[in-house]
**Student:** 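I have a structure here, written as C-alpha cells, and I will follow up with some questions on it.
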Number of protein chains: 2
Amino acid sequence: MSDSKNISIKDVAKHANVSTATVSHVINGTRFVSEETKRKVHQAMDDLNYRINSVARSLRSRKSHVIAFLAPILASETSNYFFMSVAAGIQSVLKQHRYHLVLSDSHEEEEYETDEIRMLGSQMIDGLIMAPSSRGLDYERLFGDYPVVYLDRVPSDSERDCVVVDNKTVSKEAVQTLIGKGHKRIAYISGPNTLTTTEERFAGYLEALSEAGLEAASELISMGEVSLNSGYKLAETLMVHEPTAIFVSDNVMAMGVMFYLQEKQIHVPGQVAVVAYDEFQWTRITSPPLTVIEQPAFELGVKAAEVMLDRIDNADAPVQEHRLNAKLIVRQSI
Amino acid sequence: MSDSKNISIKDVAKHANVSTATVSHVINGTRFVSEETKRKVHQAMDDLNYRINSVARSLRSRKSHVIAFLAPILASETSNYFFMSVAAGIQSVLKQHRYHLVLSDSHEEEEYETDEIRMLGSQMIDGLIMAPSSRGLDYERLFGDYPVVYLDRVPSDSERDCVVVDNKTVSKEAVQTLIGKGHKRIAYISGPNTLTTTEERFAGYLEALSEAGLEAASELISMGEVSLNSGYKLAETLMVHEPTAIFVSDNVMAMGVMFYLQEKQIHVPGQVAVVAYDEFQWTRITSPPLTVIEQPAFELGVKAAEVMLDRIDNADAPVQEHRLNAKLIVRQSI
DNA sequence: TAAAGTTATGTAAACGTTTACGTTTATGCA
DNA sequence: TGCATAAACGTAAACGTTTACATAACTTTA
C-alpha cells in the first residue's frame with residue numbers, strides 16, 4: 001500500500017533516463033523539453049506514483065505558497081462570522097493562484113496574537129494577512145521577512161498595505177436614517193473603543209448627531225466586551241434611559257441586544273428601533289428582520305488576497321490603502 | 001530593516017564558536033549542552049536575530065507540523081457554522097502541540113474536494129482531518145502518505161480512524177419528545193440523503209415513528225439542497241400537508257424554515273412545532289427560541305485532533321472510532 | 001569546411017536543517 | 001600508570017528540489 005521509501009525526482013529521472021533537471025523542468029514547464037522526453041517523464045511519474053515534495057521545493061525556491069490569515073476567527077464563544085466570510089474571500093483567490101491558506105486565531109488577545117505570529121516563523125509563510133487586535137503593539141518587531149497586509153483594522157503607525165471598510169460613512173448614514181425617522185434619543189452599543197473600526201463607527205455616529213443638532217448623551221453610549229451576554233447586559237442598562245433607537249456596532253452584541261428585547265417583550269421597532277452591524281442570515285429571521293449594515297466581508301478578503309499577491313510579485317510597489325464601501329440594508333426593525 | 005541575507009544556523013554557529021550540531025541541539029533540547037555553551041548560542045541567536053527556517057527543518061526531519069482540515073467550512077453562501085466550531089476545537093489542541101492548521105474548503109463538492117487533496121500534496125502536511133462530501137469516492141487513491149482522520153462523516157469502506165456524532169440516538173430522542181407532546185404528523189426536512197450523518201438522522205426519525213406505531217408519511221418527508229432558500233421552499237411545500245411539527249436536520253435549512261414560518265405568521269409552536277439541528281447563538285433569539293440538537297462540535301474537533309496526534313505518534317495502533325453524544329435542548333419552539 | 005549558432009539536455013551546487021557517527025578531553029578505577 | 005568510561009561537542013551526509021552553468025549534437029553561415 002504505502003511505499004516504504006519515498007520516491008523522489010531522482011528516481012523518476014533514473015526511470016526515464018533523463019536528468020533531474022529535465023524532470024523538474026517538465027514538472028514546472030520552466031524550459032523547453034521535447035514532446036518525446038516529456039512523455040517519458042510523465043510515464044515514469046505515473047509508473048512510480050511520484051508526488052512532488054513541496055517542502056523541498058519551498059526550501060530551494062524560497063517560496064512556500066502559503067499565506068497566513070490571523071484574526072479573531074475561530075474562538076468558539078464570541079464567534080464572529082465576519083472573519084469567516086473574509087477567510088472565504090481570501091481562499092477563493094488564493095486557490096486560483098495555487099496558494100494555501102493557514103488560519104490562525106488571535107482570540108482578539110495580544111498574547112495569543114504575538115504567540116501565533118512567532119509560531120508562523122519566518123520562512124514557512126510567504127505572507128501574512130491580519131486583523132490586528134491592538135493598535136498600539138509594535139507588530140513590526142514580530143514579523144518575519146514576508147509582506148504583511150492589514151485587514152479591517154490598522155495599527156496606528158502602519159506603513160503597510162491595508163484593506164479596510166469605510167465605517168464612518170456608513171455608520172453616519174445609518175444614524176442619519178434613524179434621525180430621519182424622527183429619532184432623537186439614539187443609543188450606541190459597541191465593543192471597546194480600541195480598534196480603528198470601532199472608533200470610525202463611533203465617529204460616524206457622533207457626526208450624524210452633531211450635524212443634526214442633536215447632543216450625544218453619555219448615558220446612551222455604552223461600550224463593553226464583545227459577546228452575546230455583554231450585548232444583553234448593555235441593552236438592559238441602556239433601556240433604563242429610554243432610547244427610541246439603538247445602534248449596535250457589532251453583530252455578536254446585536255444578538256445579545258435582540259435576545260434581551262425579545263425576552264422582555266420590548267417591541268421592535270414600536271418601542272425601540274434597532275440597526276446593527278453585519279448582515280448574516282440570522283438577521284433575516286429575527287422578528288422583525290433587522291436593519292443592518294452589510295460589510296463587504298468576502299470582498300474584503302478577496303481584495304486583501306489580491307493585494308498580497310501583488311505585493312509578493314513586487315516588493316517595491318508603493319503601499320496601497322483600499323477602503324471598501326459598506327451598505328445599509330433597511331428592514332423592519334426601524 | 002530587513003537583512004538582505006537570511007541568517008542561518010551556520011551563522012549562529014560561527015558567531016558562537018560552536019558547531020551547527022550544537023546550535024541545533026540547543027534549539028531543540030535534543031542532547032545535553034553545557035550551560036555556558038547554551039548561553040553563548042542564545043546570545044548569538046539574539047545578536048543575529050536568528051529565526052529558524054521551519055521549511056528546512058521539515059525537509060530534513062520529515063515532519064511539517066501542519067495538519068489540514070478539509071470540510072465545507074468557508075463557502076460563503078451555505079455557511080455552515082458547525083464546521084467552524086469544529087475547526088476551533090481542532091486548533092485548540094493543535095496549538096498546544098505547536099502544530100499548525102491549514103484550512104481547505106471542499107464546498108461540499110467532490111471536484112473541489114479532490115482538487116484540494118491534490119493540492120495538499122504529500123509532504124506538506126503531517127495529517128489530514130476531513131469531513132468527506134461523498135460516501136462513494138475512492139479517497140484512498142488521493143491521499144498521500146499521511147494519516148487521515150474522518151470527522152463527522154465516514155466513507156463507506158473506511159479503515160481509518162474517525163470521530164463522529166451519535167446522530168441516530170439523538171434524532172430519535174427528539175422525535176420521541178415531539179411524539180410525547182402528542183404530535184402525530186411530524187415532518188422531516190433535510191439535505192440530500194447522501195451523507196452518513198443525514199442517513200443516521202433519518203433512521204432515528206423513522207425508528208421513533210415506527211416504535212410509536214406511527215406511519216412515516218412520504219408527503220411529510222422532504223429532502224433538498226442545503227441552503228436557506230431551500231429550507232424556505234421545503235417548508236412552504238410541506239405546510240400544505242399540515243404537519244403539526246417539523247424536524248429540520250440541518251441548521252442552515254432551519255433558518256430557511258424559520259424565515260418562512262415567520263414571514264407567513266405561522267405561530268410556533270401553536271400551529272407547528274419546530275426542532276432543528278445545531279445550537280448556535282441565533283437559535284436563542286428567534287421567536288420563540290428554538291428547540292435544538294446540540295452537537296458537540298468543538299469537542300468533535302478536539303477529539304479528532306487528539307486522535308490525529310496519537311496516530312502520528314503510533315502509526316500501527318488499532319483504528320479508533322469515536323462516537324460522541326449530542327444533546328437535545330428543549331426550548332419554547334415545541 | 002570551419003566557425004558560429006541553436007536546440008535539447010545534463011551536472012552539480014545550493015537551500016538550512018537534523019542526526020548518525022566520530023572525536024576530544026576529563027575522570028574513575030585497578 | 002594505563003585503560004575504560006563518560007561528558008561535551010564536532011563533522012559531514014543526508015532531506016528533495018531548483019537553477020546557474022556547461023555540454024553535446026545538429027544547423028546554419030560564409
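No hydrogens, no waters, no symmetry mates; every other heavy atom, side chains included, goes into these values. Residue numbers start from 1 in every chain, and the chains themselves are labelled A, B, ... in the order their sequence lines are given, proteins ahead of strands.
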**Student:** Mind checking if Val55(B) touches a base, just sugar-phosphate, or nothing, with heavy atoms under 4.0 Å?
**Tutor:**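 No contact.
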**Student:** Grab the NZ-P distance between Lys63(B) and dT19(C) for me, whole Å please.
**Tutor:**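 Rounding to the nearest Å, NZ of Lys63(B) and P of dT19(C) are 11 Å apart.
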**Student:** Among the candidates dT18(C), dG10(C), dG16(D), find the nucleotide nearest to the side-chain atoms of Asn28(B).
**Tutor:**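 Per side-chain heavy atoms of Asn28(B), the pick is dT18(C).
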**Student:** Nearest-Å distance, CG (Leu48(A)) to C1' (dG16(D))?
**Tutor:**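 Between C1' of dG16(D) and CG of Leu48(A): 15 Å.
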**Student:** Between P on dT17(C) and NE2 on His65(B), what's the gap in Å once rounded to a whole number?
**Tutor:**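 Taking atom P of dT17(C) as the reference, NE2 of His65(B) is at 16 Å.
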**Student:** Check every strand shown and say whether Thr37(A) touches a base, only sugar-phosphate, or nothing at a heavy-atom separation below 4.0 Å.
**Tutor:**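 Touches sugar-phosphate only.
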**Student:** Whole angstrom is fine here: how far is it from CD1 in Ile9(B) over to P in dC15(C)?
**Tutor:**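 Distance, rounded to whole Å: 14 Å.
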**Student:** My understanding is that only residues two or more places apart in sequence, or in another chain, count here; which of them pass side-chain hydrogen bond (donor to acceptor under 3.5 Å, both in side chains) with Arg51(B)?
**Tutor:**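 Scan of Arg51(B) (side-chain hydrogen bond (donor to acceptor under 3.5 Å, both in side chains), adjacent residues dropped) gives none.
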**Student:** Check the angle between the aromatic planes of Tyr81(A) and Tyr81(B) and answer parallel, tilted or perpendicular using the 30° and 60° thresholds.
**Tutor:**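 Plane angle under 30°, so parallel.
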**Student:** Would you please say whether a donor-acceptor pair under 3.5 Å links the side chains of Asn53(A) and Arg62(B)?
**Tutor:**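 Per modelled atom types, Asn53(A) and Arg62(B) side chains form no pair under 3.5 Å.
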**Student:** So what does Thr20(B) hit on the nucleic acid, given a heavy-atom distance under 4.0 Å: a base, only sugar-phosphate, or nothing?
**Tutor:**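 Result for Thr20(B) = base.
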**Student:** Which nucleotide in the list dT18(C), dT11(C), dT17(D) gets nearest to the side chain of Ser19(A)?
**Tutor:**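 Selected nucleotide: dT11(C).
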**Student:** When you measure from the side chain of Ile52(A), which nucleotide among dT11(C), dT18(C), dT17(D) comes out closest?
**Tutor:**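 Nucleotide nearest to Ile52(A)'s side chain: dT17(D).
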**Student:** For Arg31(B) and Ala56(A), find the nucleotide of DNA chain C closest to each by heavy atoms; which residue's nucleotide sits nearer the 5' end?
**Tutor:**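 This one resolves to Ala56(A).
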**Student:** Indicate whether OP1 or OP2 belonging to dT17(C) is found under 4.0 Å from a side-chain N or O atom of Ser61(B).
**Tutor:**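 False: Ser61(B) side-chain N/O out of range (4.0 Å or more) of dT17(C) OP1/OP2.
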**Student:** With DNA chain D as reference, determine whether His25(B) or Asn53(A) sits nearer its 5' end, using the nearest nucleotide of each.
**Tutor:**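 With His25(B) and Asn53(A) compared, the 5'-side residue is His25(B).
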**Student:** Let me know the distance between CE of Met124(A) and P of dT17(C), rounded to the nearest Å.
**Tutor:**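 From Met124(A) CE to dT17(C) P: 15 Å.
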**Student:** Which nucleotide wins on minimum distance to the side chain of Leu59(B), given the candidates dA12(D), dG10(C), dC15(D)?
**Tutor:**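 The listed nucleotide nearest to Leu59(B)'s side chain is dC15(D).
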**Student:** Measuring to OP1 and OP2 of dG16(C), would you say a side-chain N or O of Arg62(A) lies under 4.0 angstrom away?
**Tutor:**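 Affirmative; the distance criterion is met.
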**Student:** With sequence neighbours excluded, give me every ring pair (Phe, Tyr, Trp, His ring centres under 6.0 Å) pair touching residues 115-159 of chain A.
**Tutor:**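 Every candidate ring pair (Phe, Tyr, Trp, His ring centres under 6.0 Å) pair involving residues 115-159 of chain A fails, so no pair, neighbours aside, qualifies.
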**Student:** Could you state the CD-P distance from Glu35(A) to dT7(C), rounded to the nearest angstrom?
**Tutor:**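 Those two atoms, CD and P, are 16 Å apart.
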**Student:** What class does the angle between the rings of Tyr112(B) and His107(B) fall in, given that below 30° is parallel, 30 to 60° is tilted and above 60° is perpendicular?
**Tutor:**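 Answer is parallel, since the angle falls under 30°.
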**Student:** From dG16(C), dT19(C), dT19(D), pick the nucleotide closest to the side chain of Ser24(A)?
**Tutor:**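 So the side chain of Ser24(A) is nearest to dT19(D).
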**Student:** Check every strand shown and say whether Val18(B) touches a base, only sugar-phosphate, or nothing at a heavy-atom separation below 4.0 Å.
**Tutor:**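 Sugar-phosphate, no base atom in range.
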**Student:** Measuring from the side chain of Arg60(B) (C-beta onward, heavy atoms only), which nucleotide among dG16(C), dG10(C), dG16(D) has the closest atom?
**Tutor:**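 Taking heavy atoms from C-beta onward, the closest nucleotide is dG16(C).
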**Student:** What's the CG-P distance between Asp145(A) and dG16(C), to the nearest Å?
**Tutor:**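 After rounding, the gap between these two atoms is 12 Å.
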**Student:** Between atom CE in Met45(A) and atom C1' in dT17(D), what is the gap in whole Å?
**Tutor:**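 Between C1' of dT17(D) and CE of Met45(A): 14 Å.
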**Student:** Quick one: do Glu116(A) and Arg98(B) satisfy salt bridge (Lys or Arg N to Asp or Glu O under 4.0 Å)? Show the steps, please.
**Tutor:** CA-CA 10 Å; Glu116(A) 287 292 326; Arg98(B) 314 233 88 200; over 6 Å; no
